[in-house]
Engineer: 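The structure under discussion is supplied below as structure tokens; questions concerning it will follow.
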Amino acid sequence: MMSLSGLEYAFLRHEGIAQIFITATYVCFCAYCFLQHQVRQHQSSQFSSQSNQGEAEKHYCIAYASQTGYAAQLAEKTAQYLQQAGMSVEVLTLNQLSLAKLTAQKNILFIVSTTGEGDVPDNADLFTRKILSDAINLQHLRYAILALGDRHYQHYCAFGLRLELWLQHHQAKALFDLVDVDNGDEAALRHWQHHLGVLSDHTEIADWNPPIYTAWTISERRLLNPDSLGAPAFHLRLTPPDLSAQDWQAGDIAEIGPEYVFEAEVSGKQQVRLPHREYSIASIPKDGQLDLLVRQMRRPDGTLGLGSGWLTAHAQIGQVIAVRIRSNPHFQAPADDCPLILIGNGTGIAGLRSHLKARAARGVGTNWLFFGERQQERDFFFSEEILDWKNGGVLTELNLCFSRDQADRYYVQHALKECAVNVRNWVEQDAVILVCGSLKGMAEEVHSSLLEILGTEKLDQLIASHRYRRDVY
């Protein structure tokens with residue numbers, strides 16, 4: 001049977017290969033996924049892959065804490081997803097995660113519920129008493145947390161947040177930011193699945209719960225960095241079906257449903273809907289359109305990524321596409337006019353741009369932007385707008401970090417350290433810090449720099465009071 005990467009290759013090369021029987025291949029793939037699901041429903045909670053990779057980097061321990069069984073179900077779904085992607089997995093309760101097993105793992109996905117007013121599920125009580133209170137060196141560990149809760153309770157996702165703080169304090173490294181799920185919110189679960197896809201480099205598996213899309217139209221697409229040392233980045237502008245469809249806040253996410261239409265020899269045109277892709281929204285409703293900044297990604301074999309390839313190379317101007325807006329409360333700025341420190345690199349400027357637009361519209365000018373890319377001449381995205389904000393007072397401070405414009409690499413974390421005294425002063429004036437862009441490299445280094453500048457206790461206070469917020473990927 002044709003592999004999914006082969007299917008993708010056919011998708012993106014379809015103009016030159018019209019006779020490929022795409023319908024039969026897609027049906028086979030769907031049948032394969034269904035059969036895999038049916039088989040695994042009868043397996044026990046212990047999962048191990050049938051592959052012989054044996055590589056620790058490809059093995060994931062999935063540890064869950066569940067009172068009603070919901071977290072256990074999600075742990076099973078997560079294991080199935082990773083197994084379909086060829087990963088080796090093991091599922092166990094937190095109480096089964098002994099100290100020896102914890103220190104032996106390289107990758108752990110925690111799926112944990114909070115019961116009542118911040119209580120720990122019964123099958124995590126032993127772990128909480130015997131391990132969570134200890135000081136353990138976890139520098140070797142990479143982790144992610146899916147925290148389940150209910151916002152009707154005062155201490156929302158308290159156990160997941162407590163677990164995250166403990167892991168951070170003991171030097172474990174986050175695979176991606178904590179995903180919290182309010183009362184089974186399907187959008188949050190799709191976000192978790194999106195991260196699993198990126199983690200396993202297997203993003204083609206269908207969404208667990210398909211979103212309800214709205215039809216938007218691609219009205220503009222422009223390459224922002226011709227001749228760049230980096231991959232092409234495109235500014236896309238989407239127009240809504242009507243003005244009432246414009247309902248989002250700065251920091252929210254656009255879920256795009258890629259779609260391909262093929263000519264099949266037997267059955268004529270075939271339309272295939274693929275799993276969603278997520279992009280930071282770079283505009284505000286007042287603009288009258290939804291702006292995206294999309295980096296064109298390529299797979300190891302040179303083929304374009306499904307989502308970015310479709311948006312930047314295959315979808316046509318004037319084409320109607322499927323869009324769903326997902327609220328992203330962890331990256332929304334406070335409603336007050338507190339100072340704002342915005343830090344990002346690359347296409348992360350998209351999420352920061354929406355915040356600056358919102359602040360400019362409200363006439364709030366206490367904003368400080370740190371932005372990094374490769375070359376100022378090629379990669380200064382939205383440069384005219386940003387410089388106008390600086391000249392007009394929307395930006396109080398602006399630090400630009402173009403890594404390839406000098407012999408020594410210079411990144412946003414370096415600029416932060418150079419401005420340490422001023423950063424501390426802004427934080428003392430109740431500044432909120434927003435970070436958007438790549439997790440590996442930028443966000444991790446920025447976090448380390450903030451720890452150095454502010455100290456662990458102060459940074460913990462910022463996290464607890466939601467004054468340090470990230471949208472990283």
Side-chain angles (χ1 to χ4, degrees), residues 165 168-169 171 173-174 177 250-251 330-346 348-349 351-353 355-356 358-360 362-374 376 380 382-383 386-472:
L165 195 61
Q168 289 176 348
H169 280 183
Q171 310 304 313
K173 296 290 188 292
D177 279 356
H330 291 294
F331 198 62
Q332 293 170 352
D336 59 25
D337 295 341
C338 63
L340 211 59
I341 300 174
L342 306 103
I343 307 167
N345 70 330
I349 192 63
L352 303 180
R353 180 182 186 242
H355 281 293
L356 286 170
R359 302 274 281 191
R362 287 166 41 209
V364 182
T366 313
N367 306 298
W368 186 353
L369 174 64
F370 292 84
F371 172 63
E373 247 292 346
R374 289 175 175 83
Q376 182 164 354
F380 190 178
F382 307 117
S383 57
I386 290 172
L387 295 176
D388 283 346
W389 282 331
K390 182 63 173 73
N391 294 332
V394 174
L395 280 170
T396 306
E397 302 283 350
L398 174 62
N399 287 79
L400 300 173
C401 312
F402 295 99
S403 61
R404 308 302 174 89
D405 282 351
Q406 59 283 311
D408 295 328
R409 298 290 187 257
Y410 183 67
Y411 301 109
V412 289
Q413 60 266 25
H414 300 139
L416 269 175
K417 290 181 181 179
E418 291 173 359
C419 301
V421 173
N422 208 11
V423 169
R424 281 193 291 268
N425 289 338
W426 277 54
V427 170
E428 290 304 318
Q429 297 171 37
D430 294 327
V432 169
I433 300 174
L434 300 177
V435 180
C436 192
S438 57
L439 172 62
K440 298 301 179 185
M442 188 278 294
E444 292 178 339
E445 293 297 330
V446 164
H447 186 82
S448 296
S449 296
L450 290 173
L451 275 173
E452 182 179 325
I453 294 167
L454 303 173
T456 301
E457 183 177 354
K458 187 62 178 180
L459 197 58
D460 286 348
Q461 291 175 4
L462 294 184
I463 294 171
S465 60
H466 306 294
R467 290 171 53 205
Y468 175 34
R469 307 183 179 196
R470 309 198 310 176
D471 179 17
V472 297

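These numbers come from the heavy atoms of this one structure, side chains and all, not from hydrogens, waters or symmetry mates.
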Engineer: I would like to know whether Lys173 and Lys440 meet side chain to side chain contact (heavy atoms under 4.5 Å, CB included); could you show each step before the answer?
Structural biologist: CA-CA 10 Å; Lys173 296 290 188 292; Lys440 298 301 179 185; 5.6 Å; no
Engineer: Which heavy atom in Thr366 sits nearest to a heavy atom in Arg359, and how many Å separate them?
Structural biologist: O-NH2, 3.2 Å
Engineer: For Trp368, run the side-chain contact (heavy atoms from CB on, under 4.5 Å) check against Leu398, Ile343, Asn399 and tell me which one passes.
Structural biologist: Asn399
Engineer: Can any side-chain N or O of Asn367 pair as donor or acceptor with the backbone N or O of Val394 at less than 3.5 Å?
Structural biologist: yes
Engineer: For Ala420, give me all partners under side chain to side chain contact (heavy atoms under 4.5 Å, CB included), at least two apart in sequence or on another chain.
Structural biologist: Arg424, Ile453
Engineer: Using the side chain to side chain donor-acceptor pair (under 3.5 Å) criterion, which residues pair with Tyr468? Sequence neighbours excluded.
Structural biologist: His447
Engineer: Within the 3.5 Å criterion, strictly below it, is a donor on Asp460 or His169 matched to an acceptor on the partner's side chain?
Structural biologist: yes
Engineer: Does Leu439 offer a backbone N or O that forms a donor-acceptor pair with the side chain of Arg470 under 3.5 Å?
Structural biologist: no
Engineer: Would one find more than 12 heavy atoms of other residues, nucleotides or ligands at under 6.0 Å from atom NE2 of His466?
Structural biologist: no
Engineer: Sequence neighbours excluded, which residues qualify as side chain to side chain donor-acceptor pair (under 3.5 Å) partners of Ser448?
Structural biologist: none
Engineer: Among Tyr411, Tyr410, Phe380, find the one that has a ring pair (Phe, Tyr, Trp, His ring centres under 6.0 Å) with Phe402.
Structural biologist: Phe380
Engineer: Give the minimum heavy-atom separation between Trp426 and Glu397, together with the two atoms involved.
Structural biologist: CZ2-CG, 4.1 Å
Engineer: Do you know which two heavy atoms are closest between Gly437 and Asn345, and how far apart they sit?
Structural biologist: CA-OD1, 3.5 Å
Engineer: Could you point out which residue of Leu395, Thr396, Leu400 forms a side-chain contact (heavy atoms from CB on, under 4.5 Å) with Lys390?
Structural biologist: Leu395
Engineer: Please check this pair: side chain of Gln406 against backbone of Asp408, looking for a donor-acceptor N/O pair closer than 3.5 Å.
Structural biologist: yes
Engineer: Any sub-3.5 Å donor-acceptor pair from His355's side-chain atoms to Phe331's backbone N or O?
Structural biologist: yes
Engineer: Output yes when a side-chain donor or acceptor of Ser449 lies under 3.5 Å from a complementary backbone atom of His414, and no otherwise.
Structural biologist: no
Engineer: Is any side-chain heavy atom of Phe371 closer than 4.5 Å to a side-chain heavy atom of Leu342?
Structural biologist: no
Engineer: I would like to know whether Asp336 and Asp430 meet side chain to side chain contact (heavy atoms under 4.5 Å, CB included); could you show each step before the answer?
Structural biologist: CA-CA 11 Å; Asp336 59 25; Asp430 294 327; over 6 Å; no
Engineer: Would you name the heavy atoms of Gly344 and Val412 that are closest together and state the gap between them?
Structural biologist: O-CG1, 3.8 Å
Engineer: Please assess Lys417 against Glu452 for the test salt bridge (Lys or Arg N to Asp or Glu O under 4.0 Å), listing each intermediate value before the final yes or no.
Structural biologist: CA-CA 8 Å; Lys417 290 181 181 179; Glu452 182 179 325; 3.6 Å; yes
